[in-house]
Amino acid sequence: MTVGIATMPFVLMYHSVDTYEHDPHLITVSPDRFDRQMRWLQARGLRGVSVRELLDAQAAGSARGLVALTFDDGYADFATRVTPLLVRYGFTATVFMVAGHVAGRNEWDDGPRKPLMDHQQLRAVADVGMEVASHGLRHRRLPDLTESELHEELHGSRDALERMVDRPVRGFAYPYGVLTAREAEAVEKAGYDYGCAIWDEHPCRHALARTYVGERDHRLRLTAKALRHRLRWRTRI
Ligand SMILES: [Zn+2]
C-alpha cells in the first residue's frame with residue numbers, strides 16, 4: 001500500500017539522548033535540549049506518538065496534530081532518559097532495536113561505544129506504551145546482503161523482538177537509511193506494516209521519509225523543518 005502524498009506523516013528521527021563530550025556522527029541530543037524540543041511540540045499543540053499510532057490514526061482520519069518520534073538502534077538511554085520524559089508529556093515513540101545486540105553496544109559504529117537496552121528495559125518501555133520495532137539483527141547494510149541473509153535480518157530480528165516484548169512487531173527501520181526497491185519489497189513481503197527510511201526519494205509506506213533532529217535544533221530550526229515538511233507534502237501539522 002502506498003502512502004498518498006497528502007498523508008505523508010511527519011516523522012522525527014533521533015538516536016540517543018544523553019550527556020556527551022564527543023559525538024562525531026551527531027547522533028546524540030543532550031537531555032536538556034530534548035526536553036525543550038518536546039516542550040516546543042507541546043506548545044504548538046502537537047503530540048509525539050509512535051509510528052504505529054500515527055499510521056493507525058491516519059487510517060481513522062484523526063491524525064491532526066500528531067508527530068511520530070523515532071529512536072534508532074535502541075540505546076539504553078531510551079529506557080533511562082527518553083521514556084520517563086515522554087511519559088511525563090503524555091507522549092509515546094517508536095524505538096528501532098538492533099535485535100542481535102540486545103544488552104550489547106553499538107559495535108557497528110566507529111564513534112563512541114554506547115550501551116544498548118537489555119531485555120528487561122525493552123520489556124519495560126513496551127509496557128508503558130512505547131512501540132518496539134526492528135532495526136535488523138546486526139545493523140548491516142541491507143542492499144549488500146544475499147536473499148537468505150536479508151530474510152534472516154527481517155524475520156530473525158522480528159521473531160527475537162516479539163519473544164522479548166511479547167507483542168507484535170510491526171515496523172522496520174533500514175540500517176543507515178539505505179535501501180533499494182528490493183529491500184522495500186522484502187520488508188513488505190515479510191509482513192511488516194511499515195518501513196522507515198531517512199531520505200525522501202520515492203517515499204511510500206515501506207520507506208517513510210524522516211526528519212533528522214539534533215542538538216542544534218532549537219525552536220526556530222524546528223519550526224523551519226515542520227514548515228518545510230508541510231509545504232513539501234501539503235500536510236496539516
Ligand atoms: Zn542505526
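Both counts, for ligands and for their atoms, begin at 1 and track the order of listing.
Checked by atom type, the side-chain pair T28/E215 shows no donor-acceptor distance below 3.5 Å.
H218 meets the side-chain hydrogen bond (donor to acceptor under 3.5 Å, both in side chains) test with no other residue; sequence neighbours excluded. Among residues two or more places apart in sequence or in another chain, the salt bridge (charged side-chain N to carboxylate O under 4.0 Å, His left out) test is passed with D72 by R210. In this structure D18 satisfies the salt bridge (charged side-chain N to carboxylate O under 4.0 Å, His left out) test together with R81, sequence neighbours excluded.
Between Y176 and H139, the gap from one ring centroid to the other is short of 6.0 Å.
For the Zn ion (ligand 1), the nearby protein N/O/S atoms, meaning those under 2.8 Å, are D73 OD1, H135 NE2, H139 NE2.
Annotation: cation-pi geometry not satisfied between R47 and F91 (NZ/CZ under 6.0 angstrom from ring centroid, within 45° of ring axis).
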